[in-house]
Structures are given as C-alpha cells and as structure tokens.
Amino acid sequence: MTSHAGEGSLCDRCYAPGACCRNMMLYAVDGVELFQRQGEDARALLPERLARAGLPFEPLAPGLRHRSPEGDPVLIWIFRCRSLGPDGRCEIYERRPAICRNYVERSDPLCVHYGGSEAGDPSGCDVFALRSLGRG
C-alpha cells in the first residue's frame, strides 16, 4: 500500500479509509459559499461553486439549517468526494485541494478516530463536521 499521509499517519492505519470524505458538510471554502440561500437552485449552483473552489466534491443532500454571515437562513449541504478509490483512499492525493491538505486527523467528529477511538464501527461517520475553511 502506498502511504497517503505522513510516515506513521493515523490515516495510513484508519479502519474506515475515506469515511471522512463521504459525508461532510462545508459552509464555505476560500470565500466560496457552499450553502444554499432561500430561493436558490442548489442542484444548479453548487456544482459551479465547487468547480470555482477547485473541489472534487459533489452535493449529496440537504443537511443542516444555519444562518449566513448576514443572518439569513441558509441550508448547508452534505458532500462527498468524487476522488476516492474503491479502497476509500484518495486517488488525487499528491494534488488534493488545500482543504484536504489542511485537515487535521482527529480534529473533529468527521474523523472516525476523533476522541481517541482506534477501532470501531465506521457507521459512526454519520456525524458530520460543519467547516468554514480557507481565507477570504
């Protein structure tokens, strides 16, 4: 197996590779809004916004009601990465987006090892992380 993360990385010995990339909620990345405002057609807008942000993700389903920076009601969507191989590993690891490069294992419930869990049921990945990452 090719190492996809640093030597001795938790990602290399994860019991549910790619689980963190199958059910994620993203609010904004590098200033690109990835949420749906009232009246917007998310199925039409989100793919364009993802492309603008250079993200290989696809919207799966509406997820969480939230507020925009202006206080307007918005809908946060659930995304999955299209670049996962059959083994759950990243197929574009060397050129993965910054949001992926900057993700810190165990930093939130998106990682199945969050809270020190070293083994368990990958269905625990149904816990989503709401992230607003990047600059701008």
Side-chain angles (χ1 to χ4, degrees):
M1 171 174 82
T2 303
S3 178
H4 286 78
E7 187 67 37
S9 165
L10 181 60
C11 296
D12 282 338
R13 57 183 196 278
C14 180
Y15 65 86
C20 52
C21 303
R22 287 190 188 99
N23 292 309
M24 58 187 149
M25 284 193 215
L26 301 170
Y27 185 80
V29 176
D30 291 331
V32 178
E33 294 179 353
L34 297 177
F35 52 82
Q36 176 184 359
R37 294 178 182 272
Q38 285 184 334
E40 288 184 332
D41 178 1
R43 294 281 180 197
L45 290 174
L46 288 177
E48 182 274 326
R49 290 177 183 168
L50 289 163
R52 191 166 18 120
L55 300 172
F57 306 151
E58 66 180 326
L60 294 179
L64 177 73
R65 296 192 184 286
H66 198 63
R67 295 262 175 208
S68 71
E70 301 81 26
D72 301 324
V74 297
L75 187 59
I76 308 298
W77 275 68
I78 300 166
F79 297 93
R80 82 179 248 326
C81 183
R82 296 185 319 256
S83 297
L84 294 178
D87 64 352
R89 303 278 179 200
C90 180
E91 292 186 332
I92 61 166
Y93 189 79
E94 294 304 319
R95 60 185 197 286
R96 70 194 184 281
I99 188 174
C100 304
R101 290 182 183 281
N102 296 332
Y103 182 76
V104 177
E105 59 197 29
R106 292 187 184 159
S107 63
D108 61 42
L110 192 58
C111 177
V112 296
H113 299 278
Y114 178 71
S117 173
E118 291 302 321
D121 180 3
S123 68
C125 302
D126 293 338
V127 178
F128 306 116
L130 175 61
R131 303 283 234 161
S132 180
L133 301 174
R135 308 283 183 265

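Side-chain atoms are counted along with the backbone in the values below, which use heavy atoms only and exclude waters and symmetry mates.
Considering CG of D30 and CZ of R52, their distance stands at 11.5 Å, rounded to 0.5 Å. The CD atom of E33 sits 9.5 Å away from the CD1 atom of I76 when rounded to the nearest 0.5 Å. Note: Q36 CD to R49 CZ = 8.5 Å, rounded to the nearest 0.5 Å. Atom-to-atom distance recorded for M24:CE and L34:CG is 10.0 Å, nearest 0.5 angstrom. The CH2 atom of W77 sits 9.0 Å away from atom CG of L60, with the distance rounded to the nearest 0.5 Å. Taking CZ of R95 as the reference point, atom SG of C100 lies at 12.0 Å (rounded to 0.5 Å).
R82 contributes a side-chain N or O that, together with a main-chain N or O of F57, makes up a donor-acceptor pair within less than 3.5 Å.
Residues satisfying the side chain to side chain contact (heavy atoms under 4.5 Å, CB included) criterion with R101, sequence neighbours excluded, are R96.
Within the 4.5 Å cutoff, the side chain of C21 has no heavy atoms near those of the R80 side chain. Looking at E91 and C81, their side chains never come closer than 4.5 Å, going by heavy atoms from C-beta outward. Looking only at side-chain heavy atoms (C-beta outward), F79 and L55 stay at 4.5 Å or farther from each other. Side chains of P17 and D87 form no contact here, defined as non-hydrogen atoms less than 4.5 Å apart.
The hydrophobic cluster containing I78 does not contain L45, counting ILVMFWY residues as joined when their side-chain heavy atoms lie under 4.5 angstrom apart, directly or transitively. Tracing side-chain contacts under 4.5 Å through hydrophobic residues (I, L, V, M, F, W, Y), one never reaches L84 starting from L50; they form parts of separate clusters.
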Given L75 and R65, is the side-chain contact (heavy atoms from CB on, under 4.5 Å) satisfied, shown in steps?
-> CA-CA 5 Å; L75 187 59; R65 296 192 184 286; 4.1 Å; yes
Take D72 and R37, measure what side-chain contact (heavy atoms from CB on, under 4.5 Å) needs, and give me the verdict at the end.
-> CA-CA 8 Å; D72 301 324; R37 294 178 182 272; 3.7 Å; yes
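Heavy-atom minimum distance, G54 versus P97: O-CG, 3.9 Å. Across all non-hydrogen atoms, the minimal contact from S83 to I92 is OG-CD1, 3.5 Å.
Listed by first then second residue, pairs satisfying ring pair (Phe, Tyr, Trp, His ring centres under 6.0 Å) with a partner in residues 34-55 read Y27-F35, not counting sequence neighbours.
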